[in-house]
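Only one structure is covered here, and it is reproduced in the block below.
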Amino acid sequence: METKDLLKKVRKIEIKTRRLSDHIFSGEYHTSFKGRGMTFSEVRPYQYGDDIRAIDWNVTARYNEAHVKVFEEERELTMMLMVDISGSESFGSKNQFKKDIVTEIAATMAFSATNNNDKIGLILFSDQIELYIPPKKGRSHVLRIIRELIEFQPKSHKTDIAQALKFLSSTQKKKAIVFVISDFISEDYEHTLKIASKKHDITGIRVYDIREEKMPNLGMVSMLDAETGETQLINTGSKSVRINYERYYQEKLKYFKETFSKSGAGVVNTRVDESYVTKLLGYFKSR
């Protein structure tokens with residue numbers, strides 16, 4: 001992609017997602033994800049209704065009047081965006097690829113974190129760590145993240161979520177707000193997710209396409225596996241083939257939901273042709 005076209009695309013995504021984060025998500029994000037604790041702010045005179053356990057007895061004795069300690073939530077957080085850029089993210093049946101929605105969601109979350117003066121980091125992964133951008137603050141940093149989401153070309157087209165979670169655990173020593181954005185076709189990540197969830201606040205955002213849920217009856221069709229590069233001739237006219245495919249898809253979906261639930265992590269499911277805004281807002285409000 002030429003620089004001029006890339007900048008136009010970055011700007012377009014910034015305008016759309018920044019508007020969402022400024023007017024819709026920021027308040028919900030702030031209340032949904034708590035800071036690391038409470039820090040001392042000031043001492044003020046006691047007021048009716050104050051908790052007597054907050055009385056500062058030293059100051060009270062000095063002024064001969066009851067004073068209480070005031071604490072504020074330590075808001076600064078670190079958000080890590082873990083984004084799947086494997087081959088299956090380039091699928092789409094509604095004139096929009098899954099990776100386009102993934103980029104919008106990641107950008108919206110990044111601007112929401114920026115509005116709260118939080119740091120944002122990025123991990124792009126396939127079956128390996130393709131790119132790691134350490135957490136930083138600021139608009140220019142978010143724009144760099146968006147550029148990478150748009151133009152980065154992975155070395156591999158396969159997926160390994162467990163590998164990405166291991167990398168997260170090894171690089172982020174302090175608690176972080178983590179969004180794993182993927183179609184979650186991968187498996188065998190239960191153990192690493194359980195370990196990572198003990199330290200971090202993790203949410204899995206599954207982005208999928210309506211055509212992935214059921215195989216249509218189109219007769220004999222040549223199909224390409226986007227992750228392995230293999231092409232196979234599939235008889236979609238066979239009822240058993242369609243049933244087996246749907247069973248396979250449902251097993252992957254069940255594994256995703258149950259694995260995240262058992263680990264205490266959050267789950268969001270959003271289809272490419274649905275409003276991810278509605279899905280994310282509903283999730284934030286339910287926390």
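- For Tyr189 and Tyr255, the gap between ring centers is short of 6.0 Å.
- Atom NZ of Lys279 has more than 12 heavy atoms from other residues, nucleotides or ligands within 6.0 Å.
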side-chain contact (heavy atoms from CB on, under 4.5 Å) for Arg18 and Arg139? Distances and angles first, verdict last.
CA-CA 10 Å; Arg18 182 137 209 176; Arg139 176 177 174 270; 3.4 Å; yes
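- Side chain of Asn244 to main chain of Ser240: a donor-acceptor pair is present (N/O by atom type, distance under 3.5 Å, no hydrogens or angles).
- Residues Glu151 and Lys9 are not paired through a salt bridge, judged by the lack of any N-O separation under 4.0 Å between the basic side chain and the carboxylate.
- Ile177 contributes atom CD1, which lies 11.5 Å from atom CG of Leu81 (distance to the nearest 0.5 angstrom).
- A salt bridge links Arg53 to Asp51: at least one charged side-chain nitrogen sits closer than 4.0 Å to a carboxylate oxygen.
- Looking only at atom types and distance, the side chain of Tyr276 has a donor-acceptor partner in the side chain of Glu104 under 3.5 Å away.
- With salt bridges taken as basic N to acidic carboxylate O contacts below 4.0 Å, one links Glu14 and Arg11.
- Atom NZ of Lys199 has more than 12 heavy atoms from other residues, nucleotides or ligands within 6.0 Å.
- For the 3.5 Å distance criterion, the side chains of Thr270 and Glu274 fail to qualify, holding no donor opposite an acceptor.
- Using a 4.5 Å cut-off between side-chain heavy atoms of Ile, Leu, Val, Met, Phe, Trp and Tyr, with links allowed through other members, Val268 and Met109 fall into the same hydrophobic cluster.
- Between the side chains of Ser86 and Thr159, at least one donor N or O sits under 3.5 Å from an acceptor N or O.
- For the atom pair OG1 of Thr108 and CZ of Arg19, the computed distance is 10.5 Å after rounding to the nearest 0.5 Å.
- Looking at every heavy atom in both residues, Glu89 comes nearest to Phe97 through O-CB, 4.1 Å.
- Side-chain atoms of Glu65 never come within 3.5 Å of backbone atoms of Thr60 as a donor-acceptor pair (strictly under, hydrogens ignored).
- Within the 4.5 Å cutoff, the side chain of Val272 has no heavy atoms near those of the Tyr208 side chain.
- Not a single donor-acceptor pair under 3.5 Å links the side chain of Ser261 to the backbone N or O of Lys257.
- Leu168 and Ile129 end up in the same hydrophobic cluster when Ile, Leu, Val, Met, Phe, Trp and Tyr side chains are linked at under 4.5 Å.
- Residues Met82 and Ile150 fall into different hydrophobic clusters, defined by Ile, Leu, Val, Met, Phe, Trp and Tyr side chains chained together at heavy-atom separations under 4.5 Å.
- Surrounding CD1 of Ile52 are at most 12 heavy atoms belonging to other residues, nucleotides or ligands under 6.0 Å away.
- Between Phe260 and Phe184, the ring center distance clears the sub-6.0 Å criterion.
- Taking both residues in full, the closest heavy atoms of Glu212 and Tyr249 are given as O-CD1, 3.1 Å, listed atom of the first, atom of the second, then distance.
- At a threshold of 4.5 Å between non-hydrogen side-chain atoms, the residues Leu20 and Val277 count as touching.
- Distance check, rounded to the nearest 0.5 Å: OG1 of Thr203 to CD1 of Ile181 gives 10.0 Å.
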Stepwise, does the side-chain contact (heavy atoms from CB on, under 4.5 Å) test hold for Ile205 with Val180?
CA-CA 6 Å; Ile205 302 178; Val180 186; over 6 Å; no
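- For the pair Ser169 (side chain) and Lys166 (backbone), a donor-acceptor distance under 3.5 Å is absent.
- In this structure, the side chains of Leu124 and Pro154 stay at 4.5 Å or more apart for every pair of heavy atoms.
- Of all non-hydrogen atoms in Ala196 and Leu165, the two that sit nearest each other are CB-CD2, 4.4 Å.
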Can you list the steps and then say if Lys262 with Glu190 is a side-chain contact (heavy atoms from CB on, under 4.5 Å)?
CA-CA 9 Å; Lys262 287 177 183 176; Glu190 184 174 0; 4.1 Å; yes
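- The shortest side-chain heavy-atom distance between Lys158 and Ser126 does not fall under the 4.5 Å cut-off.
- Rounding to the nearest 0.5 Å gives a distance of 8.0 Å between CG of Asn217 and CG of Asn235.
- With respect to the salt-bridge test (charged N to carboxylate O, under 4.0 angstrom), the residues Arg44 and Asp56 do not qualify.
- Remark: the backbone N or O of Pro216 is not paired with any side-chain donor or acceptor of Arg242 at under 3.5 angstrom.
- Put simply, the side chain of Asp50 gets close to the backbone of Gln47: a donor and an acceptor are under 3.5 Å apart.
- Checking side-chain atoms of Thr78 against main-chain N and O of Lys119 turns up no donor-acceptor pair under 3.5 Å.
- Asp183 and Lys98 are joined by a salt bridge, as a carboxylate oxygen and a charged side-chain nitrogen come within less than 4.0 angstrom of each other.
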When you look at Ile234 and Tyr245, which way does the side-chain contact (heavy atoms from CB on, under 4.5 Å) test go after all the steps?
CA-CA 11 Å; Ile234 306 295; Tyr245 172 79; over 6 Å; no
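- The side-chain heavy atoms of Ile161 and Ser182, taken from C-beta on, include a pair separated by under 4.5 Å.
- Side-chain contact between Lys137 and Asn117 is present, with heavy atoms from C-beta onward closer than 4.5 Å.
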Walk me through whether Asp209 and Arg211 qualify under salt bridge (charged side-chain N to carboxylate O under 4.0 Å, His left out).
CA-CA 5 Å; Asp209 189 282; Arg211 290 300 180 194; 5.8 Å; no
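- Ser222 and Leu233 get closest at one heavy-atom pair: N-CD1, 3.9 Å.
- By the criterion of side-chain heavy atoms lying less than 4.5 angstrom apart, applied directly or through intervening Ile, Leu, Val, Met, Phe, Trp or Tyr residues, Ile13 is grouped together with Ile145 in one hydrophobic cluster.
- Taking CD of Glu230 as the reference point, atom CE of Met223 lies at 15.0 Å (rounded to 0.5 Å).
- Aromatic ring orientation, Phe284 versus Phe179: perpendicular (interplanar angle above 60°, classes split at 30° and 60°).
- Nearest heavy atom pair, residue His141 against residue Ile120, reads NE2-O, 2.7 Å.
- Between Asp118 and Thr114, every side-chain heavy-atom pair lies at or beyond the 4.5 Å cut-off.
- At least one side-chain heavy atom of Ile123 sits less than 4.5 Å from a side-chain heavy atom of Met80.
- Rounding to the nearest 0.5 angstrom, the gap separating the CD atom in Glu148 from the CG atom in Leu122 is 7.5 Å.
- In the hydrophobic cluster analysis, where Ile, Leu, Val, Met, Phe, Trp and Tyr join through side-chain heavy atoms closer than 4.5 angstrom, Leu131 is grouped together with Ile85.
- More than 12 heavy atoms of other residues, nucleotides or ligands sit less than 6.0 Å from atom CZ of Arg271.
- Within a 6.0 Å sphere centred on NZ of Lys252, heavy atoms belonging to other residues, nucleotides or ligands number more than 12.
- The two residues Ser156 and Gln128 make their nearest non-hydrogen contact at CB-NE2, 3.6 Å.
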